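As structure tokens, the structure follows; a few thoughts come after it.
Each residue takes its place number in the sequence, starting with 1. All of these numbers come straight from a predicted model, not from anything done at the bench. Order of appearance sets the numbers: ligands from 1, and atoms from 1 within every ligand.
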Amino acid sequence: MSGIVVLGLQWGDEGKGKVSYILSRDADYVVRFQGGANAGHTVVLDDGRELRFNMLPAGSAAGAVPCIASGTVVDLDELEEEVNLLRSIGVYRNLLISKCANIVLPIHKSLDRALEEARGKRSVGTTGRGIGPAYSDKALRIGLRVEDVLDPEALSSRLEVLRSIHKVYGDVEGYILQKSSILRESVCDLELILNDVIDGGGKIVFEGAQGTLLDIDHGTYPYVTSSNTTIGAVSTSCGVSLRKISEIVGVMKAYTTRVGEGVFPTELKDQIGERLREVGGEYGTTTGRPRRVGWLDIPLLRYAVKINDVDWIALTKIDVLSGLDKIKICVEYEVEGSRIVLAPPRVSLLEKAKPVLIEVDGWTKLSRDEWRKISEKGVDALPENAIRYIEIVEELLGKPIKLISCGAEAGLVVWRT
Ligand code: GDP
């Protein structure tokens, strides 16, 4: 039995796409289980080709069957583009989409932008991709599901309700029908297939999008995404019991970033922050927005590790820290005279938190070729202070770091046993 979950432990952009791609190489299926085309998972192949996935799981670039589960909101334009991308690199295997997944309509995108404008100074920094409004229609039980598209009667009665509520005119039917051929080929009772695969000894990777701190219940609400990004979402969205999950992998980068608004206790607004942003290419995959950058935040990571109960950690972007003389890690917060070692991401608490930082020695800057040699030789070839940094983080979080990513390309990884 093998169900492996890949989750982000920070505010997203941790490098889940690369980790999922690596773990999907010997998987039968790879599943997106929440969110919509607001993910921005990047895979850089060893020949330098960069593949971006907003809607499909990035692991499908490794040849696993791509699946979209019921808890997602599906952007049909993106779906088409990404299926074509997989076809163009010769790895496409017939997509499977749950009948129960909801569809993002053009009206949801207009509403998303209008809502963001109406929030004014309190904007939450959405990607404007219609995700929030599509989820709210789902909760209102007026959403359009994949199965409705394939049934002309259901489609027209659903659209009638949507029209009366959103006052949408324009040719929504035409849009849906034009895009529906891909759904026709892919629609299924996904939960039954996934259960059978695991029961039959197959391997499935469940690829999370965004990160723990953006979870609609457990994140820094209201500066969060519109879905659950944490472990429970795998089960509710895919209809697969958590008992069938054999491994939970938490992905974190070696420092912290956050895109959009919201509290960020370890944010660096100085030259070091700028340097990390430039070296790390910290600009949104979907939006191009500069990401805010800060030191590693252990109190929040401890929370993410706890609520997801991760088995092991994949640490990414260790290469971005190279060349710094000293590296800081926030190990605790001071809040109104008390020390907090594990912080639930409540805005009211984080706004008062003063990071307690330790300082560790950095290591010299290494070229891509040097990182490649290190990946070939293995963990002992890592700079001594990089190993020390990894061990300190491991000790602080109480979980093993088994995979270290030291560059964007898929081959730039070091495994630790
Ligand atoms: P995701 O949304 O969690 O999949 O993360 P993104 O794909 O948005 O952001 C990660 C970015 O960092 C992508 O451009 C990756 O190609 C790149 N990346 C992933 N791992 C590493 C790494 O170890 N080092 C460097 N320098 N870049 C990495």
Closer than 4.0 angstrom: is that true for some heavy atom of [X] and an atom of ligand 1?
| X | value |
| --- | --- |
| Gly12 | no |
| Gly407 | yes |
| Cys406 | yes |
| Arg291 | yes |

Please examine the side chains of [Y] and [X], heavy atoms only from C-beta on, and report whether any two atoms are closer than 4.5 Å.
| X | Y | result |
| --- | --- | --- |
| Val360 | Arg388 | no |
| Leu357 | Cys330 | yes |
| Gln10 | Leu301 | yes |
| Asp77 | Tyr175 | yes |

Numbering the atoms of ligand 1 from 1, which are under 4.0 Å from a heavy atom of [X]?
| X | value |
| --- | --- |
| Ser405 | 20 (N), 21 (C), 22 (C), 23 (O) |
| His41 | 1 (P), 2 (O), 4 (O), 7 (O) |
| Val44 | 16 (O) |
| Glu14 | 3 (O), 5 (O) |

_Would you compute the distance between atom OG1 of Thr266 and atom CZ of Arg292 and round it to the nearest 0.5 angstrom?_
10.0 Å
Looking at ligand 1, does any of its N/O atoms fall within less than 3.5 Å of an N/O of [X]?
| X | answer |
| --- | --- |
| Lys18 | no |
| Lys16 | yes |
| Gly17 | yes |
| Gly40 | yes |

_Please state which option from Met252, Lys317, Glu50, Glu207 has its nearest heavy atom closest to atom 12 (O) of ligand 1._
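That would be Lys317.
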_Those residues that, when tested against Asp112, pass salt bridge (Lys or Arg N to Asp or Glu O under 4.0 Å) (two or more places apart)_ =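 Partners of Asp112 by the salt bridge (Lys or Arg N to Asp or Glu O under 4.0 Å) criterion come out as none, since no residue qualifies.
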*asked:* Run the salt bridge (Lys or Arg N to Asp or Glu O under 4.0 Å) test against Arg275 and tell me which residues pass, sequence neighbours left out.
replied: none
_From CA spacing to verdict: salt bridge (Lys or Arg N to Asp or Glu O under 4.0 Å), Lys244, Asp199_ = CA-CA 8 Å; Lys244 293 189 178 172; Asp199 293 346; 3.1 Å; yes
*Is it true that Lys253 and Asp13 have a side-chain N and a carboxylate O under 4.0 angstrom from each other?*
no
*Which bit of Asp319 is near ligand 1, meaning a heavy atom under 4.0 Å away: side chain, backbone, both or neither?*
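The side chain, only.
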